[in-house]
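Below you'll find the structure, written out as structure tokens, and then a few comments.
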Protein chains: 2
Amino acid sequence: MAEQHLDDFEGVKAAMPDDEMLYDLAELYKIFGDTTRIKLLYILFEGEMCVQHMAELLGVSQSAVSHQLRILKGARLVRYRREGKTVYYSLADDHVRQIIECGTEHINE
Amino acid sequence: MAEQHLDDFEGVKAAMPDDEMLYDLAELYKIFGDTTRIKLLYILFEGEMCVQHMAELLGVSQSAVSHQLRILKGARLVRYRREGKTVYYSLADDHVRQIIECGTEHINE
DNA sequence: TGAACATATGAACAGTTATTCATACGTTTA
DNA sequence: TAAACGTATGAATAACTGTTCATATGTTCA
């Protein structure tokens, strides 16, 4: 009885973003695909915090936190400012919050 | 001159979702963190399609597509219906579109 | 300048993941 | 029932990822 299914390959291809964009998108989501990074972002939802404190709060090593912050920084998801020996990290913008909320909605149903 | 930074660990902890939720969230994003799966989802934005055709369209093996669809199915992101030998996949709901759009916004800036 | 502290980073390792190959399962039709 | 076709799946492999450890970099203060 068949509902209508796609057979117009060209149409589908035309609607699909270019490879570079798809790659970037996957890379972005990869970043959210790790609990340590998600937790770091949740911390930063509340405000800025230094590396040491984030490590303590999450119960992971300073090195691990620093490595993950590097990735978040690379994706422009977080900012940092130095104050003496200490570096304080904060969210780069409100997009992060939106993305996380988007995913949360899917979970809660 | 130091802006206000977080030092109330308890407050931050209270605002953080429980570990199970954070785990689920990361698992969800992991799924979007792969170009093959993202491409499959983009195909399904246009309508339903059978496994064979998706494989051809993306230029990957039938097996690879099937493996990835299994993951998408497991996360309830796609549905399927069987029609004879053929299985047609489609999006489970509109959340997927929202999540992808959310990420896309961050990319384009 | 040297010691102490906070952070960053490279290398190594263990765990995870996507693809491929071979094959099993399910359905149709001759 | 047997053959043909579409799909699913287990095992194996190569590539990738997160953490740890050791150490470098950068900053402050005595």
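Convention: sequence-line order gives letters A, B, ...; per-chain numbering from 1.
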Heavy-atom donor-acceptor pair, A:Ser66 side chain to A:Gln62 backbone, under 3.5 Å: no
Rounded interatomic separation in angstrom, taking CG from B:Leu40 and C1' from C:dA18: 13 Å
Donor-acceptor pair, side chain of B:Tyr88 and main chain of A:His5, under 3.5 angstrom: no
Sugar-phosphate only, base, or nothing, as touched by B:Tyr80 at under 4.0 Å among non-hydrogen atoms: nothing
Closest heavy-atom pair and its distance - A:His106, B:His95: ND1-CB, 3.7 Å
Distance in angstrom units between A:Glu83 CD and C:dA6 P, rounded: 13 Å
Sugar-phosphate, base or nothing in reach of B:Ser63, heavy atoms under 4.0 Å: base
Check: A:Val78 main-chain N/O paired with A:Tyr89 side-chain donor or acceptor under 3.5 Å: no
Contact under 4.0 Å: A:Gln68 side-chain N or O vs D:dT19 OP1/OP2: yes
Within 6.0 Å of OH in B:Tyr23, more than 12 heavy atoms from elsewhere: no
Under 4.0 angstrom between B:Arg82 side-chain N/O and C:dG26 OP1 or OP2: no
Sugar-phosphate only, base, or nothing, as touched by B:Ser66 at under 4.0 Å among non-hydrogen atoms: base
Rounded distance (Å) that lies between atom P of C:dT7 and atom CG of A:Leu72: 16 Å
Separation of D:dA15 C1' from A:Glu27 CD (nearest whole Å): 13 Å
Sugar-phosphate only, base, or nothing, as touched by B:Tyr89 at under 4.0 Å among non-hydrogen atoms: sugar-phosphate
Residue B:Lys85, side-chain atoms from C-beta onward, closest of C:dG26, D:dA8, C:dA18: C:dG26
Atom pair distance, as rounded to whole Å: CD1 in A:Ile71 and C1' in D:dT19: 11 Å
Rounded interatomic separation in angstrom, taking CD from A:Gln52 and C1' from D:dG26: 15 Å
From C:dA18, C:dT7, D:dG18, nucleotide with atom closest to A:Val87 side chain: C:dT7
Selected nucleotide, minimal atom distance to B:Thr36 side chain, candidates C:dA6, D:dT20, C:dT19: C:dT19
Donor-acceptor under 3.5 Å (B:Arg37 side chain, B:Phe32 main chain): no
Aro-ring/base stack A:His67-C:dT9, d under 5.5 Å, angle under 30°: yes
Of B:Val51 and A:Asp34, the one whose closest DNA chain D nucleotide lies more 5': B:Val51
Interatomic distance where CD1 belongs to A:Ile38 and P belongs to D:dT17 [whole Å]: 16 Å
Any donor-acceptor N/O pair under 3.5 Å between C:dA6 base and A:Gln62 side chain: no
Any B:Arg70 side-chain N or O less than 4.0 Å from OP1/OP2 of D:dT7: no
Among C:dT9, D:dT7, C:dT20, the nucleotide that comes nearest once only the side chain of B:Cys50 is considered: D:dT7
Stem list, DNA chain C (Watson-Crick or G-U pairing under 3.5 Å, at least 3 consecutive pairs): C:1-30 with D:1-30
Nearest atoms (heavy-atom pairs only) where A:Thr104 meets A:Ile100: OG1-O, 2.7 Å
Of the listed nucleotides C:dT20, D:dG10, C:dT17, the one nearest the side chain of B:Lys30: C:dT17
Interatomic distance, A:Leu69 CG vs D:dT19 C1' [rounded to whole Å]: 14 Å
Under 3.5 Å: donor-acceptor pair, side chain of B:Arg82, backbone of B:Gly84: yes
